[in-house]
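Everything below concerns the one structure shown next.
Letters go in sequence order (proteins before strands), and every chain restarts at 1.
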Amino acid sequence: MSGDNPIPKPAAERPDPDVSAAGCAPCEGGSDFIREAIREDLRTGRYDHVHTRFPPEPNGYLHIGHAKSICLNFGIAQDFGGKCNLRFDDTNPTKEDVEYVESIQEDIRWLGFDWEDRCFYASDYFEQLYQWAEELIRKGRAYVCDLTPDQVREYRGTLTEPGRESPYRNRSPEENLDLFRRMRAGEFPDGSRTLRAKIDMAHPNVNMRDPVMYRILRARHHRTGDKWCIYPTYDWAHGQSDSLEGITHSICTLEFEIHRPLYEWFIQALGIYAPRQIEFARLNLTYTVMSKRRLLQLVQEGLVRGWDDPRMPTICGLRRRGYTPEAIREFCRRIGVAKYDGVIDISLLEHCLREDLNRRAPRVLAVLRPLRVVIDNYPEEQVEQLDAVNNPEDPGMGVRQIPFSKVLYIEQDDFRETPPPKYYRLSPGREVRLRWGYFIRCTHVLKDPQTGEVLEVHCTYDPATRGGNAPDGRKVKATIHWVSAQHALPVEVRLYDHLFTKPDPDDVAEGADWRANLNPQSLEVVSPAFVEPSLQDAPVGSRYQFERLGYFSVDPDSAPGRLVFNRTVSLKDAWAKIAKQQGQDA
RNA sequence: UACCCGGUGGUGUAACGGUAACACAAGGGACUUUGGCUCCCUAAUUCCAGGUUCGAAUCCUGGCCGGGUAGCCA
């Protein structure tokens with residue numbers, strides 16, 4: 001940019017930015033430092049198109065942090081009229097498995113992205129990588145080293161002291177070539193030799209101190225089988241794979257920043273096409289752990305029920321919980337992209353979810369903790385079908401009918417024998433509205449003579465208020481939900497809370513580890529809960545708002561006649577706040 | 001202790017040398033057949049010190065603080 005005019009023009013007078021750059025479209029994902037860098041590259045002609053890639057290692061399930069990267073890489077491709085490849089970074093057969101490549105593909109598709117016919121594997125390039133390695137050997141830029149792993153570490157030096165050169169560093173290209181070919185041929189035991197780039201053992205960046213390019217490893221690879229007993233390291237494979245695929249912008253997380261000089265060194269030593277690596281901060285979320293290692297630990301130690309446990313931040317966990325791809329994408333859009341390594345408040349994720357579900361989830365009535373209500377003046381055998389609006393946010397979603405009868409269940413929380421201040425639900429003498437039903441007034445209660453617990457609430461109803469409006473115009477302070485006892489469906493409901501009790505799971509006492517902060521109440525099973533009969537055939541995965549309670553989705557554990565619901569997220573609850581301020585347990 | 005990167009309300013992100021803004025969270029209010037939604041309002045921000053400039057969150061220097069890096073992991 002040439003800042004020739006010190007006073008900026010108002011936006012309306014400014015020429016449209018970037019329209020001249022080839023393939024540059026408006027940025028739906030907003031703008032961030034990466035998109036700016038790309039625009040600059042297009043403007044200066046460093047690249048004339050945009051091609052990104054999402055490069056997971058198939059050694060675990062994708063999580064919400066990957067979603068950030070997926071939205072970034074595919075989103076940038078969309079914004080700039082380019083393409084985004086899926087590439088599995090499968091250079092370590094000891095950790096990888098087809099189970100993961102399949103789940104990763106499923107999750108990316110579910111999130112709404114498409115790599116078309118461009119699903120690649122680093123292992124596709126093993127032969128090319130091998131040939132390039134020989135080329136570097138011939139150029140005297142790589143050598144076979146016989147140091148043991150311990151010795152390599154020792155020779156590398158430390159962060160503050162330079163390393164020492166390997167005694168094998170100055171072998172001739174001929175000898176190196178011979179040794180390297182024999183490495184490939186399987187003449188040497190695992191770990192006995194490596195191929196290393198010949199760079200600088202005194203380099204202040206330890207990644208440049210003759211990094212390992214190949215190790216000997218007899219492990220069956222999920223794609224190449226037993227063809228190879230030497231495998232390239234990340235550093236040797238990644239940049240060359242990017243180059244081969246014609247990637248323009250290789251976007252990765254901050255911890256690879258210090259690898260960039262090496263990334264560029266290999267490309268330059270080979271004299272091949274050069275992509276540009278740009279790093280951004282990975283996602284951190286409050287009340288959540290995100291590292292693959294920890295997620296794996298949660299699963300393996302049985303701390304959760306599996307990778308798709310609805311409490312997990314994995315994509316499959318969120319999906320099972322009832323999250324929508326739209327909510328996750330919107331979240332990723334709103335958090336932005338930067339190099340500052342911060343922590344996102346999980347309430348932003350929950351906000352995006354509610355915003356989406358509010359718009360699309362049909363409403364139903366369900367009672368989690370039933371309290372029996374008897375309408376004393378309602379005819380014994382009578383059943384009425386009442387009209388209920390499916391979604392006040394969207395009249396197009398229509399109306400359904402729900403049965404009403406003499407005996408109902410309401411929520412225990414919606415009745416208080418002695419109401420606290422500002423409580424305006426049902427209590428003796430008070431009148432409330434039953435959603436889509438009648439006004440009812442509490443006359444008296446039946447209690448357990450031993451415990452004093454309220455067993456049954458007796459009410460009278462006003463027949464003139466059918467549907468919920470009083471002809472005389474009188475108002476009630478509260479509308480509560482209910483189900484007809486004889487028509488309600490018993491179901492299981494699983495209520496979830498944050499997996500950790502602290503915003504930062506690492507915030508633990510001396511000697512304890514993050515597991516000490518696991519929330520023992522992160523899962524609460526309510527069974528039976530009661531839902532209105534219209535839910536009878538609700539399909540797995542379908543989402544509903546249980547009015548006044550939250551959003552719920554049907555769990556795959558459901559069987560015919562035995563529905564299981566996950567609470568995806570609760571509704572915001574102003575009363576809970578008031579009650580909390582009053583020092584009650586709400 | 002070496003090198004790299006970063007630091008803007010509680011949290012995250014904008015502002016591209018010209019009045020520090022948006023969202024979430026928080027607090028208050030209006031509305032309401034969901035104490036939901038929606039709407040309105042309030043409080044709250046440039047790490048510090050110098051320098052350049054008419055003017056600095058932005059450029060420069062120094063400091064402070066935070067993160068990353070010493071796998072034959074990625």
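Look at B:A23: its Watson-Crick or wobble partner, with both distances under 3.5 angstrom, is B:U11. Base-pair partner of B:U58: not found among the strands shown (Watson-Crick or G-U wobble, both distances under 3.5 Å).
The separation between A:Asn284 atom CG and B:G66 atom C1' is 13 Å, rounded to whole Å.
Ring-base stacking between A:Tyr340 and B:G7 is not satisfied when judged by a centre separation under 5.5 Å and a plane angle under 30°.
With a glycosidic angle no further than 90° from 0, B:G71 counts as syn.
Between A:Tyr438 and A:Tyr461, the angle of the ring planes goes over 60°, which puts this pair in the perpendicular group of the 30/60° scheme. Using a 30° and 60° split on the angle between ring planes, A:Phe546 and A:Phe552 fall in the parallel class, below 30°.
Mapping A:Lys95 and A:Tyr551 onto RNA chain B via the closest heavy atom, the residue that lands nearer the 5' end is A:Tyr551. Along RNA chain B, the nucleotide nearest to A:Asn59 and the one nearest to A:Pro204 differ in position, and the one closer to the 5' end is contacted by A:Pro204.
In this model, a side-chain donor or acceptor of A:Arg425 finds a partner on the base of B:G35 within 3.5 Å. For A:His259 and B:A74, a side-chain-to-base donor-acceptor distance below 3.5 Å is present, hydrogens and geometry of angles not being considered. Residue A:Glu257 places no side-chain atom within donor-acceptor reach of the base of B:U69, judged by atom type and a 3.5 Å distance cut-off alone.
Checked against B:G36, B:A70, B:A26, the side chain of A:Leu159 finds its nearest nucleotide in B:A70. Here the side chain of A:Arg363 is nearest to one of B:A23, B:A70, B:U34, namely B:U34. Set against B:G36, B:C24, B:C73, the side chain of A:Asn358 has B:G36 as its closest nucleotide.
Salt bridge absent: A:Glu245 and A:Arg53 never bring a charged side-chain N and a carboxylate O closer than 4.0 Å. Salt bridge A:Arg276/A:Asp41: present, at least one basic N to carboxylate O contact under 4.0 Å. A salt bridge does not link A:Asp394 to A:Arg360: none of the charged side-chain nitrogens sits closer than 4.0 Å to a carboxylate oxygen.
At a threshold of 4.0 angstrom between heavy atoms, the contacts of A:Glu57 are confined to the sugar-phosphate backbone, with no base atom among them. Within 4.0 Å of A:Pro55, counting heavy atoms only, lies no atom of the nucleic acid at all.
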